Amino acid sequence: MTATSLKKEEEIMYSVIVPMYNEEEVIALCYERLCEVMKNVDAPYELIFVNDGSQDRTKSIVETLCTADHHLRIINFSRNFGHQPAITAGMEAARGEAIVVIDADLQDPPELILEMIAKWKQGYDVVYAKRRERKGESFFKKATAALFYRTLHFMTDISIPLDTGDFRLLDRKVCAALTLCKERNRFVRGLVSWVGFKQTAVEYERHERHAGQTKYSLKKMIRLSLDAITSFSNKPLILAIYLGFLLASTGFLALFYLMYLKLFTTQVIAGWTSIMSLNIIFFGVTLFMLGVIGQYIARIFDEVRERPLYIIESQRERGRYLDTQPDALVAKNEDNT
Ligand code: UDP
Ligand code: MG
C-alpha cells in the first residue's frame with residue numbers, strides 16, 4: 001500500500017512525531033503512554049517514530065510494535081543524523097492537519113497533547129510547551145540551558161520564547177512553511193518562531209528522564225547552540241568590529257602616553273612584560289574572531305554543498321517496508337499535500 005492510497009482511505013487529523021536515539025529503555029512505555037492519550041482524540045491519528053540511527057534495540061522494539069498497530073509508522077535513518085534532522089524528517093512525512101513533536105524519554109508529558117489540541121481548535125497555529133520547572137536534571141544542564149536561552153534572546157533579532165524545547169503542536173500550514181526552509185544547520189524551534197503565524201503557550205513541569213541517559217552530549221549541545229546563534233544572528237560578526245575598535249583606540253591612547261613619556265620625561269618604562277601581555281591579548285582576540293568568522297564560513301560551505309539533511313535506510317508502516325529511495329519519498333510527500 002502506498003502512502004497516497006492510505007491517505008485516501010483514512011484522512012489523518014493528528015500526527016505525533018517522536019525522534020529516538022538509543023531509547024530502548026523508554027520507547028515501549030512512551031508508545032503506551034501515547035496510545036493512552038491518543039485514544040481520547042476524536043479523529044484518526046498516526047505516530048511517526050523516527051529512529052535516528054540507534055545502535056541498541058530501539059529499532060527492533062518499534063518494528064515489533066509496528067506490526068501490531070496500523071497507527072505506527074517508522075522512519076529509520078542510515079546513521080545518527082541528530083535530533084533536528086529527525087524532527088524534520090517526521091514533519092516532511094506527516095500527513096496530519098495538526099502535527100505534534102515530542103521527545104521519547106517522557107520528559108515531555110504526552111497528556112499535554114490534549115491541551116495543545118484544545119488550543120489548536122481555538123485557532124492557534126503553533127502551541128508550544130513552556131517549561132515551568134525542570135525536575136531531576138543536573139545543575140549543569142539547567143544552568144547551561146538558562147544561559148543558552150538568554151544568550152539566544154540577546155543575540156537574535158527574532159523572539160524565540162524562553163524555556164521552550166521542541167515539544168510543540170504545529171498546524172499543517174506551519175509545517176509546510178518549515179519544510180520550505182531548506183537550511184541544513186537547523187534550529188527548528190527558531191525556525192518555528194521565524195515563520196510566524198498565531199502562536200501560544202501551554203505551561204508544564206518538565207519531569208526527569210524516565211530511563212537512560214541524555215542523548216545530547218556536550219558536543220551536540222554546543223553544536224546546537226552555535227547553529228541557533230549563527231542561523232539567526234550576525235551579532236557575533238559585529239562583535240569583531242566593536243572589539244577591534246575598542247582595542248585599537250586603547251592602543252592609540254597607550255601609544256600617545258608612551259611617546260609623551262619618552263619625549264618629555266626621563267621616566268623609563270620596562271617593556272617586555274607589557275608588550276608580551278598585550279601581544280597575547282591581541283592574538284587571543286584575533287584568533288577568537290577568526291574562529292567566529294570560521295563558524296559562519298563552515299556553515300555557508302555546508303549549505304552550498306546541498307547534501308540531504310538525512311538519509312532514510314528503511315520506512316515501515318502497517319508492518320510493511322516502504323520504498324526508501326529519496327526521490328520516491330519526496331514524490332510521496334508531494335502527493336499528500
Ligand atoms: N535524539 C535524537 N538524536 C540525537 C539525540 C537525541 O533523535 O542525536 C532524541 C532523543 O532520543 C530524545 C530527544 O531527541 O527523544 C531529546 O533528547 P534528550 O532527551 O537526550 O535531550 P535532553 O532532554 O537531555 O535535552
Ligand atoms: Mg530528554
Side-chain angles (χ1 to χ4, degrees), residues 16-34 47-62 65 72-94 99-110 112-113 128-149 152 162-168 184-190 204-228 309-313:
V16 180
I17 299 167
V18 187
M20 322 175 289
Y21 178 51
N22 292 345
E23 300 286 7
E24 61 180 5
E25 292 117 319
V26 288
I27 199 64
L29 185 69
C30 169
Y31 167 76
E32 271 171 39
R33 289 261 302 268
L34 281 172
L47 304 174
I48 305 178
F49 280 20
V50 186
N51 171 22
D52 183 14
S54 303
Q55 291 107 26
D56 64 357
R57 289 185 306 117
T58 305
K59 185 177 173 190
S60 62
I61 297 173
V62 288
L65 294 172
L72 187 55
R73 295 170 61 191
I74 300 171
I75 300 174
N76 289 308
F77 281 0
S78 60
R79 66 168 171 84
N80 179 233
F81 280 90
H83 182 206
Q84 305 292 304
I87 297 176
T88 310
M91 286 181 184
E92 284 172 359
I99 292 129
V100 178
V101 178
I102 186 167
D103 284 357
D105 57 3
L106 296 171
Q107 279 194 293
D108 309 328
L112 205 69
I113 294 178
Y128 51 85
K130 195 169 160 63
R131 299 158 189 166
R132 204 182 306 129
E133 205 184 312
R134 300 172 76 117
K135 280 192 186 159
E137 286 184 300
S138 67
F139 172 75
F140 179 72
K141 180 93 191 182
K142 283 186 201 169
T144 47
L147 182 72
F148 169 64
Y149 285 109
L152 199 61
L162 291 177
D163 301 318
T164 58
D166 284 305
F167 182 25
R168 54 188 65 208
R184 257 134 280 269
N185 299 294
R186 286 175 100 77
F187 180 59
V188 175
R189 62 200 90 148
Y204 77 113
E205 265 174 38
R206 191 156 164 90
H207 297 278
E208 12 184 322
R209 213 174 210 286
H210 178 72
Q213 300 287 319
T214 174
K215 304 300 176 301
Y216 257 97
S217 57
L218 185 62
K219 196 170 142 202
K220 280 186 183 169
M221 263 159 61
I222 293 175
R223 167 90 213 185
L224 183 73
S225 323
L226 290 178
D227 276 348
L309 192 59
Y310 52 83
I311 306 279
I312 294 179
E313 177 226 47

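Values in this document were obtained by computation on a predicted structure and should not be read as measured data. Atom set for the values below is all heavy atoms of this structure, side chains included, hydrogens, waters and symmetry mates excluded. Counting convention: from 1, in listed order, for ligands and their atoms alike.
Sorted by first then second residue, the salt bridge (Lys or Arg N to Asp or Glu O under 4.0 Å) pairs that include residues 47-58, not counting sequence neighbours, are Glu24-Arg57.
The proximity of Met20 to ligand 1, defined as any non-hydrogen pair under 4.0 Å, is limited to the backbone. Residue-level proximity to ligand 1 for Asp52 is carried by the side chain, the only part with a heavy atom below 4.0 angstrom. Counting heavy atoms under 4.0 Å from ligand 1, residue Val50 does not touch it at all.
Under the 3.5 Å distance criterion, with hydrogens and angles disregarded, no donor-acceptor pair is assigned to the side chains of Glu313 and Asn51.
Remark: distances from the non-hydrogen atoms of Lys220 to ligand 1 include one below 4.0 Å.
Nearest heavy-atom pair across Val62 and Ile74 is O-CD1, 3.3 Å.
Every atom of ligand 1 with a heavy atom of Glu23 under 4.0 Å away is listed here by number and element: 10 (C), 11 (O), 12 (C), 15 (O). Of all atoms in ligand 1, numbered sequentially from 1 with element shown, those under 4.0 Å from a heavy atom of Asn80 are 3 (N), 4 (C), 8 (O).
Using a 4.5 Å heavy-atom cutoff, the side chains of Arg79 and Ile311 are not in contact. Residues Leu112 and Phe167 have side chains in contact (heavy-atom distance under 4.5 Å, counting atoms from C-beta outward).
In terms of N/O distances under 3.5 Å, ligand 1 is approached by Pro19.
Qualifying salt bridge (Lys or Arg N to Asp or Glu O under 4.0 Å) partners for Asp227, counting only residues two or more places apart in sequence or in other chains: Arg223, Arg299.
The Mg ion (ligand 2) has an N, O or S atom of Asp105 under 2.8 Å away, backbone or side chain.
Summarising the contacts of atom 16 (C) of ligand 1 with Asp103, Leu224, Asp108, Val26, the nearest heavy atom is found in Asp103.
Between Tyr310 and Phe77, the ring planes are parallel. Angles under 30° get that label, and only those over 60° would be called perpendicular.
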